[in-house]
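Read the structure below first, then the notes.
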Amino acid sequence: MGLLNLESASIALDHNSTPVAHAKKYIMWAGTDQACPVYSDVGLTTMMANPLVADENGQFELCFLVDGDYKVVITTDRDKILFSQDDISVTSPLFFGTAKTFNTVSQLLADRVLGYGVALGRRRVSLGENITVNECGFTYRVLSPSASAPDVITAGGVKLKVVATGNGFDVRAFGAVGDNEADDGPAIQKALDAASVDGGGCVILPVAPKRWLTTQTLIVPPSVSLIGSARTGGTRGGGTSNHAVTLNYTGTGAAIQLGTGAVTCVSAAVEGLAIVSEPGYPNYRNFVGILAYDFRKSHLRNIYVEGAETAFCFTGEGGAVAYVDTDNLNAYDCVKGVEIECPTPLGQVSPFIQALHLGVREINGCGTGIRLGGGQQNHSRIELRAAELGACDIGILVDGDSGGKRLTWQIDGQAWFEHNTNGNIVLNAGTLYVSGDITQQDSNVSGGFIQNGGRLIPLGRAAFEDYSIHFTGFTSRGLVRAWSFVDEGDDHFHCPISGARAEVIGGGSKTGTHTRYGDGVAGDGSGGGVIINDTSIDWTADWTVGFLCYNTTNGNHLAFSIEDSVTDSSLDLSPRPGYLRVRTEDNGGGRVSDDLGNVQDNYLRQPVWYVISHDATAGTIRFHAPNGEAINEVTRAVPPALTSRYIPVRSAPDR
């Protein structure tokens, strides 16, 4: 008892699409010319003439058939064929008692039996009545004929609202099919809007037969979460085969946008999906995966983007991106993996990026892995937790505004950089704090860490393995070192960066806060501290060295010495109460010492990285803060025993 629900067979049209009055419609068993029984009612009790005859407008009455496959031929009243189609499948909607039930969503949407009025072959529905679909357990509520924004409309004109389940709204209930052919964008957006009308909730993208195809930008409203049904992996190990829920966006704007400028997207989320374009696609490397435009107090998690111009773009242009948490972001084969660009006019504080946690898992094969651009950006951090940035042109690029005073970021976690052609981290502007363990594998890479401007402030645990740390304001040629030490016990330390050894001297002592990377040992105010035996220093070359020290309390300081253990020549920097002591000593025991006075207390009460710059030609040593600013400065000829001594550079040991 199925309805012959074929749109092209409901009206007779000539080759000019003009209705043909009194046309005839023959209904036959599939593959034959044998006419079959045709009925006017769902119960198949009242037979109709076969062929059916159209009215003055070429319109045929609805008719019902036994479930099966059929052939339909439409002719003029003089038997000229207008339409013919074989193998038309007819199946039954399940209408029993007062319930109205369909097997599939597509069957519901194609239905032309349900209607608001009483008509031949029609079944009346009432406002507020429920209709169900067996396939996924969806429920729909009948709206009034005048409803302005129904979730779905049947072919017969019945307007319906999707009833949310305990998990939220499934996009399939709105007509999305996931066959990578039909445009699912309107249905997915309908689901997002329905969740918003309900006051917020989840929109579910389940595993599709193929991919969810959309030609339009999906706008996520406030308090709505777009959730894929599976955790999305990194860029290695099979590419998109790792990603069970994939969105194929074919436009050139943004696949998903959060915030519109007119509406701030608050308390929203996108999770667990891949957004993919591939070589040969019209939009390949010409779209944005996720655009955070005006996005606050929300999160992004477990997302993979491939083949985009920019995988993840945070702009704040519509207002701000603030208090946003992201985790397990992955990008592959994009021009830019992550871009954070906030067009704040000079002298203004809005729009702005603030308190953004950027949790990166893997960025591979991109032009730039992460770009921190211009505008007002502060109090935000990049967490590279067991992360990799590799095979890019530049791993992390900080270029910001001129001078970069409005951009401050911190890098945390454990990161692996490799094969980034023009640098693992390039700092042209802004302020970059670095903590955690950052490791590079520099095969065929021109430069690890390159600083052309801005400020680098290591926070004690940054472990750069032979990085070229170019502090602002210095021409750094030859060897560059940044020391941090691992406690080996018995007052001995080892630097995994340079291979240097260090040991406690004088009245120095260890405390719990001084036994791991960076700040050495506490002294007693009378010569105690740590001595560094680093024979990789070449006293005939120009070089820059940065190392950390501070004065914990008055008279309890941390002293650092660089010593050539063969000749007992040394270079010493000691933070003292209110000043820095700088001392050089030649191998004959002669000692030259300077006290750099007028040092502000805040330079000494917390760990600070200082810089020693050696000019071999002039035979001078200069001392600066790591931002290139002179805290105080001394220019002194290096003792002859130091300038004449050449000690070959020693590479860091393998790990």
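Atoms considered below: every heavy atom in the structure, side chains included; atoms not considered: hydrogens, waters and symmetry mates.
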Check whether [X] reaches the backbone of [Y] with its side chain - one donor and one acceptor, N or O, closer than 3.5 Å.
{"X": "Trp212", "Y": "Tyr249", "result": "no"}
{"X": "Ser350", "Y": "Phe352", "result": "no"}
{"X": "Gln377", "Y": "Leu372", "result": "no"}
{"X": "Lys159", "Y": "Ala147", "result": "yes"}
{"X": "Arg406", "Y": "Thr344", "result": "yes"}
{"X": "Thr326", "Y": "His357", "result": "yes"}
{"X": "Thr154", "Y": "Leu109", "result": "no"}

I need the [X] [atom1] to [Y] [atom2] distance, nearest 0.5 Å.
{"X": "Ile353", "Y": "Thr408", "atom1": "CD1", "atom2": "OG1", "result": "13.0 Å"}
{"X": "Phe169", "Y": "Ile204", "atom1": "CZ", "atom2": "CD1", "result": "11.0 Å"}
{"X": "Ile382", "Y": "Leu358", "atom1": "CD1", "atom2": "CG", "result": "5.5 Å"}
{"X": "Asp193", "Y": "Ile219", "atom1": "CG", "atom2": "CD1", "result": "9.5 Å"}
{"X": "Arg371", "Y": "Cys366", "atom1": "CZ", "atom2": "SG", "result": "14.5 Å"}

For a quick test of reading the model, state the closest non-hydrogen atom pair linking [X] to [Y] and the distance between them.
{"X": "Val245", "Y": "Gly228", "result": "CG1-CA, 4.1 Å"}
{"X": "Ala194", "Y": "Asp151", "result": "CB-OD1, 3.9 Å"}
{"X": "Asn424", "Y": "Glu418", "result": "OD1-N, 4.3 Å"}
{"X": "Gly289", "Y": "Ala255", "result": "O-CB, 3.3 Å"}
{"X": "Lys210", "Y": "Asp179", "result": "CD-O, 3.4 Å"}
{"X": "Gln257", "Y": "Gly259", "result": "NE2-O, 2.9 Å"}

Any side-chain heavy-atom pair from [X] and [Y] closer than 4.5 angstrom?
{"X": "Thr246", "Y": "Glu306", "value": "no"}
{"X": "Trp409", "Y": "Leu356", "value": "yes"}
{"X": "Asn286", "Y": "Tyr281", "value": "no"}
{"X": "Asn420", "Y": "Ile394", "value": "no"}
{"X": "Val105", "Y": "Tyr140", "value": "yes"}
{"X": "Phe417", "Y": "Ile425", "value": "yes"}
{"X": "Pro206", "Y": "Val171", "value": "yes"}
{"X": "Thr315", "Y": "Leu291", "value": "yes"}

Report the residues that fulfil side-chain contact (heavy atoms from CB on, under 4.5 Å) with Asp393, sequence neighbours left out, ordered by chain and then residue number. Thr421, Asn422

Applying side chain to side chain donor-acceptor pair (under 3.5 Å) between Ser277 and each of Asp333, Asn283, Thr250, report the one that passes. Asn283

Starting from the C-alpha separation in whole Å, work towards a yes-or-no answer on side-chain hydrogen bond (donor to acceptor under 3.5 Å, both in side chains) for Thr215 and Asp183. CA-CA 7 Å; Thr215 62; Asp183 185 0; 2.7 Å; yes

Under 6.0 Å from the CZ atom of Arg285, do we count more than 12 heavy atoms belonging to anything else shown? yes

If you count heavy atoms of other groups shown closer than 6.0 angstrom to OH of Tyr284, is the number above 12? yes

Apply side chain to side chain contact (heavy atoms under 4.5 Å, CB included) to residues Gln189 and Leu218 and explain how you reach the verdict. CA-CA 6 Å; Gln189 189 62 58; Leu218 301 175; 4.1 Å; yes

